Visitor: 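Here it is: the structure, laid out below.
The structure presented is a predicted model; accordingly, all values stated were derived computationally and were not measured. Below, chain A is the first sequence line, B the second, and so on; all start at residue 1.
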Amino acid sequence: MTSDFAAVAAHPVPPDTGPPNPVPPDTGPQLNLPAITRWFRRHGRELPWRHPDAGAWAVLVSEVMLQQTPVARVLEPYSSWMQRWPTPDALAAEPAGAAVQAWGRLGYPRRALRLHAAAAAITERHAGVVPATLDELLALPGVGEYTARAVLAFAYRRRAAVVDTNVRRVLQRRLHGNDDGRPATAADRAELLALLPAQHERAATASAAIMEFGALVCTARQPDCGHCPLPAGCLWLATGRPTATTPRRTQAWAGTDRQVRGRLLAIVRDAADRGVGQVLLPELESAWGEPVQRERCLQSLLADGLLVRSGPAVRLPGH
DNA sequence: GAGTCGTGGTT
DNA sequence: TAACCAAGACT
């Protein structure tokens with residue numbers, strides 16, 4: 001089985017001329033990156049951070065914003081962000097609070113702090129240029145195993161195993177017949193890396209293609225197997241699309257610290273939007289009635305640096 | 001490895 | 001409608 005995959009990977013893109021690739025009668029499961037890439041060239045979305053003129057900073061900003069966040073919700077904040085801060089230097093020149101405010105309601109506002117810190121690091125350590133090595137990218141705040149490789153592939157067109165939840169799902173389904181919904185692992189990256197085209201540019205395109213395929217066709221909830229553009233080779237479909245045996249733990253929300261933190265920060269952020277730089281502590285009581293939890297969450301926001309204590313009030317950092 | 005960290009649209 | 005969940009990172 002493994003040797004079959006290697007053979008496919010060694011000749012990823014057949015020549016445009018000549019007869020179509022003969023489909024082997026029974027090759028077992030295969031990822032089929034060439035077919036996925038052909039589908040992508042025709043059906044992939046035109047997203048602003050995919051524009052040829054979008055540089056590495058644009059890719060980095062988009063990837064951080066897209067962490068656990070749908071594309072549709074990112075589009076507007078991304079546009080405003082890039083217009084205001086077209087370079088890491090521009091963002092680094094402003095206080096972190098400006099980034100938190102501009103983050104708006106994207107969620108996980110610590111990402112805004114990390115992106116601001118990453119911009120500062122890029123300015124200080126890399127002369128304002130987003131680094132192009134894995135180790136240097138991983139050293140940036142908010143950049144993990146996925147995002148680092150996404151920048152390498154999508155911005156610098158390098159051969160890197162970009163495995164997010166979408167890619168992980170496609171790999172698991174087609175090659176292993178599973179759909180466990182678990183996050184990507186190093187083993188997933190190793191598996192994909194062995195299947196990527198040898199050429200950097202082609203590997204980069206294939207990486208974008210498989211991610212898009214997972215986002216649009218081989219989706220988590222309702223995969224459109226009936227219109228799957230790929231020929232046979234999906235072990236998941238062949239085995240009756242088995243569902244996950246281990247149900248994912250439902251994430252609690254009502255009454256959690258996350259909800260309270262969100263309300264607290266929203267009060268200060270909304271005030272900043274109205275030009276009010278500070279919020280007196282009593283004004284935060286409306287966020288949550290229970291004082292112990294409210295205070296605990298306020299302290300955690302201060303500890304994170306999302307808020308700063310200023311006498312009897314709080315404000316966004318640097319405002 | 002399991003917990004934590006936002007938000008709002010979808011089913 | 002309550003549950004689900006969408007391009008992860010960090011501790």
Visitor: OP1 or OP2 of B/dG6 less than 4.0 angstrom from a side-chain nitrogen or oxygen of A/R111, does that happen here?
Guide: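 For B/dG6, OP1/OP2 do not have a side-chain N/O of A/R111 under 4.0 Å.
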Visitor: Just how far, in rounded Å, is C1' of C/dC5 from CZ of A/R169?
Guide: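 The answer, rounded to whole Å, is 11 Å.
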Visitor: Contact class for A/R168 vs. all strands (heavy atom < 4.0 Å): base, sugar-phosphate, or nothing?
Guide: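 Nothing, no heavy atom under 4.0 Å.
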Visitor: Check whether any side-chain nitrogen or oxygen of A/Q67 sits under 4.0 Å from OP1 or OP2 of C/dG8, and answer yes or no.
Guide: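 Looking at the OP1 and OP2 atoms of C/dG8, neither is under 4.0 Å from any side-chain N or O of A/Q67.
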Visitor: Heavy atoms only, 4.0 Å cut-off, all strands: where does A/Q259 land among base, sugar-phosphate and nothing?
Guide: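 If one applies the 4.0 Å heavy-atom cut-off, A/Q259 turns out to touch nothing in the nucleic acid.
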Visitor: Produce the list of close N/O pairs, under 3.5 Å, pairing protein atoms with atoms of nucleotides 9-11 of chain B; give distances to one decimal.
Guide:
residue: B/dG9; atom: N2; partner: A/R221; partner atom: NH2; Å: 3.2

Visitor: Nearest-Å distance, CD (A/Q68) to P (B/dG6)?
Guide: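 Value for this atom pair: 12 Å.
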Visitor: Assign A/P183 to base, sugar-phosphate, or nothing according to its heavy-atom contacts below 4.0 angstrom with the strands shown.
Guide: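 Counting heavy atoms under 4.0 Å across all strands, no contact is made by A/P183.
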Visitor: Where the side chain of A/R110 is concerned, which of B/dC5, B/dG6, B/dG8 is the nearest nucleotide?
Guide: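 Nearest nucleotide to the side chain: B/dC5.
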Visitor: Rounded to the nearest Å, what distance is computed from the CG atom of residue A/L66 to the P atom of nucleotide C/dG8?
Guide: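 Going from A/L66 (CG) to C/dG8 (P), I get 8 Å.
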Visitor: What's A/T147 touching, base or sugar-phosphate or nothing? Going by heavy atoms closer than 4.0 Å.
Guide: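 Here A/T147 touches the backbone only, sparing every base.
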Visitor: Test for a donor-acceptor pair under 3.5 Å between the base of B/dG6 and the side chain of A/T69, counting only N and O atoms.
Guide: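 Side chain to base: pair found, below 3.5 Å.
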Visitor: Taking any heavy-atom pair under 4.0 Å as a contact, classify A/G107: base, sugar-phosphate, or nothing.
Guide: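 Base, at least one base heavy atom under 4.0 Å.
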Visitor: With heavy atoms under 4.0 Å as the rule, sort A/W103 into base, sugar-phosphate or nothing.
Guide: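 Counting heavy atoms under 4.0 Å across all strands, no contact is made by A/W103.
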Visitor: Atom CZ of A/R263 and atom P of B/dG6: how far apart are they, to the nearest Å?
Guide: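 So the two atoms are 14 Å apart, to the nearest Å.
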Visitor: Any base atoms under 4.0 Å from A/L306, or only sugar-phosphate, or nothing? Heavy atoms, all strands.
Guide: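 Nothing: the residue A/L306, judged by heavy atoms under 4.0 Å, touches no strand.
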Visitor: Between C/dC5 and C/dT1, how many Å separate the two C1' atoms, rounded to a whole number?
Guide: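 Nearest-Å result for C/dC5 against C/dT1 at atom C1': 16 Å.
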Visitor: In terms of the nearest nucleotide of DNA chain C, which residue is placed more toward the 5' end: A/G142 or A/E212?
Guide: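 Counting from the 5' end, the first nearest nucleotide belongs to A/E212.
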Visitor: Calculate the interatomic distance between A/Y108 atom OH and B/dG8 atom P; express it in whole Å.
Guide: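 Rounding to the nearest Å, OH of A/Y108 and P of B/dG8 are 13 Å apart.
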Visitor: Assert yes or no for the condition that the ring centre distance of A/W57 to A/W85 is strictly below 6.0 Å.
Guide: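 Ring centres of A/W85 and A/W57 not closer than 6.0 Å.
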Visitor: Contacts to DNA chain C from residues 291-305 of chain A, heavy-atom cutoff under 4.0 Å, which residues?
Guide: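 Nucleic-acid contacts, sorted: none.
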Visitor: Between B/dG1 and C/dG8, how many Å separate the two C1' atoms, rounded to a whole number?
Guide: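 That atom pair is separated by 16 Å.
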Visitor: To the nearest Å, give me how far apart CG (A/D179) and C1' (C/dC5) are.
Guide: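 Distance, rounded to whole Å: 14 Å.
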Visitor: Take atom CZ of A/R114 and atom C1' of C/dC10, then tell me their distance rounded to the nearest Å.
Guide: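 So the two atoms are 6 Å apart, to the nearest Å.
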Visitor: Expressed as a whole number of angstroms, how long is the span from A/L106:CG to B/dC5:P?
Guide: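 So the two atoms are 19 Å apart, to the nearest Å.
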Visitor: Base, sugar-phosphate, or nothing for A/V143, non-hydrogen atoms under 4.0 angstrom?
Guide: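 If one applies the 4.0 Å heavy-atom cut-off, A/V143 turns out to touch the sugar-phosphate alone, with no base involved.
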